[in-house]
Every structure is written in structure tokens, then in C-alpha cells.
Amino acid sequence: MTLPVNRRNFLRMGAAAAAIAPALTRSSFAAAGAPAAAGVPAVGYIDVPANVALLNINEFPSGPTPAAVDIMHKMAVSGNRYYMAETALFTKELAASHDLKPENLSIYAGSSEILHFTALAFTSPTRSLVTADPTFEQTWRVAESQGAKVHKIPLKADYSYDMKAMVAADPNAGLYYVCNPNNPTGTPVKRSDIEWLLANKAPGSVVLVDEAYIHFSDAESVIDLVGKDKDLIVSRTFSKIYSMGGLRFGYATARPDLMAKLRHYGVNSMATTAVQCAKVQLADKQLIPLRKQAMADTRNRTFDFLTKAGYTFTPSQTNHFMVDTKRPGAPIINALAHHSVMIGRTWAIWPNRPRVSIGSPADMASFQTAFLEVMQMPDNKLNALTHPYPHLIQTHAC
Ligand code: PMP
């Protein structure tokens with residue numbers, strides 16, 4: 001398309017791009033991890049060799065749809081404009097898509113800020129944080145930095161949240177963090193368990209439900225409860241199934257008074273490319289079902305492989321799982337990186353279960369070959385290895 005980009009043309013192209021998105025999405029996902037939109041090849045990290053399978057930080061294996069990339073090219077030309085009205089308009093559309101009012105929703109550059117600001121707003125030296133363990137620890141770090149006590153309640157044997165133990169740990173906590181599905185296990189949290197928590201915590205304690213991975217799973221969202229004025233914040237991100245981790249788009253839904261407490265910690269303009277990318281991909285009604293199915297297919301093949309090889313894993317419904325390596329996971333992570341496969345990390349509570357993100361079918365084929373080779377290695381050889389990309393360990397602790 002060579003139309004000059006003025007506002008009217010831009011909007012028209014948005015509609016056209018959205019209309020052709022489904023077909024392109026299908027073909028681009030079939031080649032997930034391969035050359036992406038507009039003939040531009042996808043690139044890996046600048047600081048590891050290009051052939052390394054990146055299964056370390058729960059990224060989606062391919063980029064946004066060609067229609068979304070197209071709109072971002074057009075938008076980049078007008079990068080001098082803040083286009084704040086576009087963000088306000090999209091806030092309304094997103095809220096309506098959840099049957100919420102615009103004052104129930106705020107857009108952020110990803111969901112990290114939402115987690116950060118929520119922990120800042122609702123924990124203190126006198127108001128604790130209660131979470132599961134293992135789970136995504138961002139709220140732990142923020143609460144600790146505020147001098148708040150952090151209660152880490154182990155998952156039950158069936159990987160469900162022990163809500164009774166969570167409330168018993170501190171019935172008057174400032175914040176309960178629930179990750180649904182849970183990172184790193186990939187396992188869903190029952191809606192009835194979240195409803196029980198909302199009904200049994202003290203009035204004024206806030207529940208944050210992080211639905212970063214919900215689209216991959218059959219877990220039930222609780223966003224509808226936001227409209228029922230619960231002490232509830234629900235965060236969503238476009239970093240996962242919408243493949244926008246580097247583009248940054250997320251949103252929080254909550255009662256207006258809770259939202260105001262988050263705004264206290266900062267309000268910023270959004271990248272206009274990210275807003276349009278999110279908009280085009282949200283309008284693509286086939287994106288979620290196609291990507292969910294493709295991810296499930298790759299996950300099931302990986303699980304079949306592990307089962308046949310005699311390894312157990314968490315029954316994940318997402319783009320990551322934990323595998324029981326039957327010995328410490330850290331040296332195995334190092335050894336796999338030497339075999340050009342970067343997987344995630346371990347959690348202190350489960351040192352023998354590193355997390356593996358699910359990439360493209362080609363990435364997972366590399367994982368399978370490397371995993372079998374590494375698992376044959378004796379402990380002394382494994383332990384002698386150091387990670388070949390040590391500079392990534394901290395910055396990529398996602
Ligand atoms: N929540 C969970 C459970 C995550 O795993 C992550 C990052 N991987 C985030 C939130 C934050 O991601 P982002 O800021 O990209 O939305």
C-alpha cells in the first residue's frame with residue numbers, strides 16, 4: 001500500500017488490514033518462528049547466536065500478524081504525534097468488550113507496571129502480601145521493598161491454590177496475588193476458588209488476578225466481577241498470545257477508586273504503534289482460537305515426548321511448563337544453553353523443576369534432542385559447565 005498517511009487514510013487502512021488479518025494470521029502461525037510479516041525476517045536476541053531456541057521467558061514464538069505490522073509501519077511515519085485520543089478511544093472499546101465502563105479500565109505499557117503499582121498501593125509494613133509459591137514473583141519484590149511481609153503459600157499437590165491457607169496466613173492482608181493460569185506451572189486457578197477468596201478475605205483487602213496467560217487456557221476469567229464492585233483488580237497483557245512483549249501493551253480493570261490508587265504512581269502516554277497493533281489484533285477474531293490451538297498442539301507433542309522419555313511435568317494449559325529433571329535444574333539449564341536451547345529458570349521451592357517456554361515446533365524439536373543428550377550427562381560433567389550467556393540470567397529473569 002502506498003497511500004500517503006494522513007489520519008483518514010490511516011483509519012481506512014486499519015479497517016482493510018483488519019479484514020485481511022485472519023488468513024494471514026493462519027499462514028504466519030503455521031510458520032511460527034520463521035520469517036514474519038511483509039517479508040521481513042524475524043530476529044532473535046542481539047546477544048545470543050541466531051540459532052539458539054529461545055524458550056526462556058515465555059515469549060510467543062512469532063511476531064504480530066502481518067496486518068498489525070503493516071499498520072505499525074504506517075503509524076511510525078507519524079511518530080511525532082502523541083495521538084492520545086486514540087488511546088482514550090481504545091480504552092472505551094476494550095472496556096465495552098468486557099461489558100465494563102471506561103472508568104473501569106486503564107491501558108499500560110504491558111502489565112508489569114500494573115503489578116508494580118498494585119503492590120505499591122496496597123502493601124506496606126502493616127499490610128502484607130499473600131501469594132502462592134511458586135508463582136510470578138514481581139509483587140514479592142515490590143512488597144519487600146516497601147517493608148511488607150510476604151506470605152508464600154505452597155501450591156497444593158494438584159497444583160491448585162490453597163486459598164484457605166492464603167487467608168489463614170493473613171486474613172487482613174493488603175494484597176492477595178493470584179496468577180491465573182499460574183506462571184511458572186501453567187496450571188489454571190478455579191473461578192470458584194477466586195470467588196471463595198473474595199468472599200472470605202477481610203473487607204478492604206484487595207485481590208489482584210493476573211490473567212497474562214488466560215487466552216491459552218480454558219481458565220475462566222473473573223473480569224466480569226470487576227463490574228460487580230468487588231475488591232478486585234484484573235490485569236491483562238498483550239505480551240503473550242498477542243505476541244507484543246517487546247511492543248508493550250497491557251491493561252488493568254478495577255473499580256474506579258482502586259484504579260485511582262494505581263494512577264497515583266504514574267500515568268504515561270502509550271506508544272502509538274503498540275495501540276494500533278493491539279487494536280488490529282483484537283479485531284482479528286481468529287487470532288486467539290488459531291494460536292490457542294497451535295500452542296496446544298505443540299504442547300501436547302512435547303508432553304507426549306516427555307512422557308515416553310519417562311519425565312513428568314506440570315499439566316500446563318499455557319505456553320510454558322515445568323519439567324521434573326530429577327536432579328537440580330540449574331546445571332541442566334546451563335548445559336541446554338550449550339546445546340543452543342535456552343530454557344527458563346527454577347524457583348527456590350522447586351529446584352528440580354526448571355520452566356520451559358513453548359516455542360515453535362522447530363524450537364521444540366531442538367529442545368527434545370538437546371534434552372535427551374543433556375539428561376544423559378553425569379553430574380560431574382554437568383556441574384562443570386557455566387552458562388554461556390551469563391549476562392542474560394538477570395535481565396531475562398521473567
Ligand atoms: N504477569 C505474568 C504472570 C508474567 O509472566 C509476566 C511476564 N512474563 C507479566 C505479568 C508481565 O509481562 P508484561 O509486562 O510484558 O505484560
Side-chain angles (χ1 to χ4, degrees), residues 45 54-61 63-64 94 105-120 129 131-143 152 155 159 161 175-189 194 207-217 219 221-223 233-254 262 265-266 268 270-271 273-275 277-278 281-282 295 314 316-322 342-347 354-359 392-398:
Y45 302 152
L54 301 172
L55 309 178
N56 52 333
I57 50 172
N58 292 354
E59 294 163 328
F60 195 76
L94 269 175
L105 193 143
S106 281
I107 292 175
Y108 289 86
S111 62
S112 294
E113 275 182 345
I114 302 166
L115 270 52
H116 198 100
F117 295 167
T118 303
L120 284 177
L129 168 71
T131 84
D133 192 10
T135 195
F136 188 56
E137 315 95 320
Q138 187 178 347
T139 51
W140 303 6
R141 292 188 283 268
V142 181
K152 302 169 190 171
L155 292 178
Y159 306 103
Y161 271 50
L175 184 65
Y176 299 89
Y177 171 71
V178 176
C179 188
N180 187 23
N182 190 48
N183 177 13
T185 53
T187 45
V189 183
I194 300 174
V207 177
L208 168 60
V209 179
D210 177 347
E211 296 188 342
Y213 299 95
I214 199 150
H215 296 108
F216 290 115
S217 75
S221 173
V222 288
I223 285 194
I233 298 173
V234 181
S235 64
R236 287 275 181 105
T237 182
F238 274 49
S239 294
K240 306 302 172 183
I241 207 160
Y242 287 104
S243 57
M244 290 181 60
L247 287 160
R248 315 303 299 141
F249 188 96
Y251 60 96
T253 60
L262 301 197
Y265 294 96
N268 208 342
M270 287 292 297
T273 42
V275 171
C277 180
Q281 295 200 112
L282 186 77
M295 185 57 68
T314 55
S316 167
Q317 294 190 5
T318 65
N319 67 337
H320 56 269
F321 61 91
M322 294 172 107
M342 270 186 71
I343 64 163
R345 58 199 171 93
T346 55
W347 269 247
R355 187 191 66 196
V356 181
S357 305
I358 299 168
L392 297 186
I393 307 268
Q394 276 313 315
T395 51
H396 291 217
C398 202

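Note that ligands are numbered from 1 as they come in the structure, with each ligand's atoms numbered from 1 the same way. The structure presented is a predicted model; accordingly, all values stated were derived computationally and were not measured.
- One finds the CG atom of D210 at 8.5 Å from the CG atom of N183 (value rounded to the nearest 0.5 Å).
- Aromatic ring pairs are classed by plane angle as parallel below 30°, tilted from 30° to 60° and perpendicular above 60°; the pair F238 and Y242 is parallel.
- With a 4.0 Å heavy-atom cut-off, ligand 1 is reached by the side chain of K240 but not by its N, CA, C or O.
- In summary, the side chains of N58 and S357 do present a donor paired with an acceptor at a separation below 3.5 Å, with no hydrogens or angles considered.
- The side chain of C179, and not its backbone, has at least one atom closer than 4.0 Å to an atom of ligand 1 (non-hydrogen atoms only; side chain from C-beta on).
- The protein heavy-atom contact nearest to atom 14 (O) of ligand 1 is S112 OG, 2.6 Å.
- The nearest protein atom to atom 1 (N) of ligand 1, hydrogens excluded, is given as D210 OD2, 2.6 Å; this is a heavy-atom distance.
- Under a 4.0 Å heavy-atom criterion, F249 is not in contact with ligand 1.
- A donor and an acceptor atom, one from each side chain of N180 and Y213, are nowhere located under 3.5 Å apart.
- From the protein, the heavy atom lying nearest to atom 10 (C) of ligand 1 is S111 OG, 3.3 Å.
- Contacts with ligand 1 closer than 4.0 Å are made by no heavy atom of N58, backbone or side chain.
- Contacts of S239 with ligand 1, taken as heavy-atom pairs under 4.0 Å, involve the side chain alone.
- Between Q138 and ligand 1, no N or O atom pair is found at a separation short of 3.5 Å.
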